[in-house]
Colleague: 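Input: one structure, supplied below.
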Protein chains: 2
Amino acid sequence: MRRRVSIKDIAAAAGVSHPTVSRALRGQGRMSEATRARILTIAREMGYTPNLVARGLVTQRTYSVGLVVTNIRDPFHSEIIRGVEAVVRAHGYSLFLASTTADPDQELEVVRSFVGRDVDGIVIASSQAGDRYAEMLDELGMPIVLINSHAEGDNVHAVRHDDYAGACAVMEHLLDQGFQRIAFLGLGRSSRVHGERRQAWKEALRRRGLDASVAVSAPESTIEHGVTQVVHLVERARGRWGTPPQAIFCYNDLLAIGAISGLRRLGLEVPQDVAVAGFDDLEVCAHMRPSLTTLRQPRYEMGEDAAQLLLSLLEQDRRAQPKPTEKLYRGELQIRESTQGVSPQTARVG
Amino acid sequence: MRRRVSIKDIAAAAGVSHPTVSRALRGQGRMSEATRARILTIAREMGYTPNLVARGLVTQRTYSVGLVVTNIRDPFHSEIIRGVEAVVRAHGYSLFLASTTADPDQELEVVRSFVGRDVDGIVIASSQAGDRYAEMLDELGMPIVLINSHAEGDNVHAVRHDDYAGACAVMEHLLDQGFQRIAFLGLGRSSRVHGERRQAWKEALRRRGLDASVAVSAPESTIEHGVTQVVHLVERARGRWGTPPQAIFCYNDLLAIGAISGLRRLGLEVPQDVAVAGFDDLEVCAHMRPSLTTLRQPRYEMGEDAAQLLLSLLEQDRRAQPKPTEKLYRGELQIRESTQGVSPQTARVG
DNA sequence: GATGGGGGTGAACACGTGTGCGCTACCCGG
DNA sequence: CCGGGTAGCGCACACGTGTTCACCCCCATC
């Protein structure tokens, strides 16, 4: 395991000092074209790759950013990762990835490790902790972009989807279809995102004087939890209304897919017996049977934009403290078979 | 944006030199308990976090590993990422993630950047380049673990699934069902993985004297490409046999899901008109309608094991060069509705 | 009291890179 | 021939940490 070649090795080979090599490689400072060309060819011949660790130490810029997600399994996050990674790499940055399975403490620990790595900035997606630790994040002294969390502080910025409006659109659609007994299949503890969707569900029902008491929460965002939790949900509905719900609004598509599967086991068909709506519009939704009504979030774009925002914060002058930015997206309702009664119209596929 | 606190700051505050602080923090070297305790409390009070960049420069160990995947969109890779990340983080390492959309040159460039970052080791999943650049990887002078690629060289190890055996199992199942005109829906250029699955398809047919000429390849692993490519596949089958295929063996589940959707648009129902089998067993497969026959790869476990192998290589003595390891997995065939004729038996769900 | 030994600590250097500043030539004008 | 300007380059230091070695001091022992 031999040592990598450094600029000192090149310097020795070229008969110059290592600062000269450094300047030659970075095309900086004044020097004869002959020397520069010679150094460059020698560097290439020796297979030199700059040591970014050492460079980062002296320049205080590592050209790396950290990304924290709560659950890689959810394709929603995959797309965010993809967007962030693409932008970041296109700009010559590297990406640290960490997944914290919905544990706020883990989340904070991971952020700390990123700070120790001297990353230039951090993106946090669907944080559980963002709300509680916002002020602490602000004190980290480095730019942070949150995806789908609330932002406050000079260093903390945000890119987020208007979940409240989106959930309202879903609920209006369900109510327009004539459903009255609408249950909610939620997720985990109270994150900001969960709060908005649930709130929209509750208020939409209350405004029309309908019952908003039938809800359960899955511990994790997986299809399997949708399957098991929908059974409890139907039980509750039967206890409250004497019948299954007419429609179920699910926190996201994974739970919705599981719910449909679970309902089928109970002998309930979607949408004939129960309508089901999801959230996110995963790629598979249009290809399910029945195809799934859901609200499309531009998740790849959100990842891209979050990264873009972070990089622009890094590039600009440190002194020129910008005001915290907050970009807001609005998703599009995708109406498909799962909420369309007995004779579904042709679904929008793709 | 104030400077972070370093061991020198602690040293000044404690009235000692920075080497003493270093030793105190690392619990190393002999020193009075009083001094050590004092330093530790001061460090905690000042909110010290070690600068891993500087530490990495001197120790030549960054406690970070790089992970290269070809396509984050595919849940198959999500699970691998999840496995690698979990193990790596549990051992105090950080993870660099890069996605190279099936471009071998990008792949190599990314590996180079990892080397520049001085990562301790690299995991490469489903490499397109692994076969071509194996010897170059070996010369990098750092341990590399490939997932589902061929390994050769002293530094290059592998964890892989026996795709050939798996594909044979799928084909045997299809042939047992009585299908004779079986088409193949492939993916992209010739990777090792693709070669094995296609080879199994071809040989299984040839052994029984059946026609193995109807195949197309999707450019990318997405549902949408499955939809469009299956149309071409049916066209070819009609040209060759005068009828659609009786069954389609798809390179993976995403393409299979798309294929089923595309067939439906053509007025062909699965499995009544055409049987479809996939590969990987994504979580959603059991919940499709029809549920999808496929071969389950232990992808999370493979990610875990790859990371574990890499870390064990890092921990052991450098001199004691181990022989290159190669671990082999065998997936399990999941027989479900999509290949089960008109009256499907109860699918194994979950 | 001299000597030895060992525990505790700091000075110096290293890791690989970037940068401010000063030094040496050389060229050219006066 | 002298002086000033400038092009080309090296010295020294910095970044934050780890490590080797030598040093000092205190105590025990002969």
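Letters A, B, ... mirror the listed sequences (proteins, then strands); counts begin at 1.
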Colleague: Starting at CD of E33(A) and ending at P of dA7(D), how long is that distance when rounded to a whole Å?
Modeller: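 Checked: the CD to P distance equals 14 Å.
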
Colleague: Give a yes/no answer on whether the side chain of Q60(B) brings an N or O atom under 4.0 Å of OP1 or OP2 in dG16(C).
Modeller: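 Yes, such a contact exists.
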
Colleague: Has the side chain of R61(B) got a donor or acceptor that lies under 3.5 Å from a partner of the other kind on the base of dG18(D)?
Modeller: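 When only heavy-atom distances are counted, R61(B) does not reach the base of dG18(D) through any donor-acceptor pair under 3.5 Å.
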
Colleague: Would you give the length of the straight line joining atom CD1 of I81(B) to atom CZ of R73(A), rounded to the nearest 0.5 angstrom?
Modeller: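 Separation between the atoms: 13.5 Å.
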
Colleague: If you check the T20(B) side chain, which of dA14(D), dT17(D), dG10(C) turns out closest?
Modeller: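 Side chain of T20(B) sits closest to dG10(C).
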
Colleague: Do we see a donor-acceptor contact under 3.5 Å between the side chains of R117(A) and S94(B)?
Modeller: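 Side-chain D/A pair, R117(A) to S94(B): present.
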
Colleague: Looking at R23(B) and dG10(C), is any side-chain donor or acceptor paired with a base atom of the opposite kind under 3.5 Å?
Modeller: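 Counting by modelled atom types and ignoring angles, a donor-acceptor contact under 3.5 Å is found here.
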
Colleague: Do S221(A) and D74(A) meet the criterion of a side-chain donor-acceptor pair at a distance under 3.5 Å?
Modeller: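 There is such a pair between these side chains.
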
Colleague: Taking only the side-chain heavy atoms of V58(B) (C-beta and beyond), determine which of dT19(D), dA12(D), dT17(D) contains the nearest atom.
Modeller: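 Shortest atom-to-atom distance from the side chain points to dT17(D).
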
Colleague: Using a cut-off of strictly less than 4.0 Å, decide whether R55(B) has a side-chain nitrogen or oxygen near OP1 or OP2 of dG16(D).
Modeller: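 No.
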
Colleague: How many whole angstroms separate atom CE of M31(A) from atom P of dC9(D)?
Modeller: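 Going from M31(A) (CE) to dC9(D) (P), I get 5 Å.
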
Colleague: Within this structure, what is the CG-to-C1' distance between L57(B) and dT17(D), rounded to whole angstrom?
Modeller: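 One finds 8 Å between C1' of dT17(D) and CG of L57(B), rounded.
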
Colleague: Any idea which of dC9(D), dA12(D), dT17(D) is nearest the S32(A) side chain?
Modeller: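 Side chain of S32(A) sits closest to dC9(D).
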
Colleague: Given that G15(B) and T59(B) both sit by DNA chain C, which one's nearest nucleotide is further toward the 5' end?
Modeller: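 Counting from the 5' end, the first nearest nucleotide belongs to G15(B).
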
Colleague: Any side-chain N or O of Y48(B) below 4.0 angstrom from OP1/OP2 of dT17(D)?
Modeller: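 Looking at the OP1 and OP2 atoms of dT17(D), one of them is under 4.0 Å from a side-chain N or O of Y48(B).
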
Colleague: Should R4(B) and D118(A) count as an ion pair when the cut-off is N to O under 4.0 Å?
Modeller: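 Salt bridge flag = yes for D118(A) with R4(B).
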
Colleague: Which of the following nucleotides, dG8(C), dG10(D), dG18(C), is nearest to the side chain of S22(A)?
Modeller: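 Of all the options, the side chain of S22(A) is nearest to dG18(C).
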
Colleague: Hey, does V16(A) reach any base, or is it just sugar-phosphate, or nothing, if we go heavy atoms under 4.0 Å?
Modeller: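 Sugar-phosphate: the residue V16(A), judged by heavy atoms under 4.0 Å, touches backbone atoms but no base.
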
Colleague: Rounded to whole angstroms, how far apart are CZ on R117(B) and P on dT17(C)?
Modeller: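 Between P of dT17(C) and CZ of R117(B): 14 Å.
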
Colleague: Please tell me which of the listed nucleotides, dG8(D), dG16(D), dA11(C), lies nearest to the side chain of R30(A)?
Modeller: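 Shortest atom-to-atom distance from the side chain points to dG8(D).
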
Colleague: Give a yes/no on whether any side-chain N or O of R26(A) is located under 4.0 angstrom from OP1 or OP2 of dT19(C).
Modeller: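 Answer yes for this pair, as a side-chain N or O of R26(A) is under 4.0 Å from OP1 or OP2.
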
Colleague: Would you indicate what S17(A) reaches in the nucleic acid, counting non-hydrogen atoms under 4.0 angstrom: base, sugar-phosphate, or nothing?
Modeller: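 Base, at least one base heavy atom under 4.0 Å.
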
Colleague: Check whether any side-chain nitrogen or oxygen of Q28(A) sits under 4.0 Å from OP1 or OP2 of dT19(C), and answer yes or no.
Modeller: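 Q28(A) to dT19(C) OP1/OP2: side-chain N or O found under 4.0 Å.
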
Colleague: Quick one: is T35(B) getting a side-chain N or O under 4.0 Å of the dT9(C) phosphate, OP1 or OP2?
Modeller: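 T35(B) to dT9(C) OP1/OP2: side-chain N or O found under 4.0 Å.
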
Colleague: Find out whether the Lys NZ or Arg CZ of R160(A) is both under 6.0 angstrom from the six-membered ring centre of Y329(A) and within 45° of the ring's axis.
Modeller: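 The answer is no, since R160(A) fails at least one limit relative to Y329(A).
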
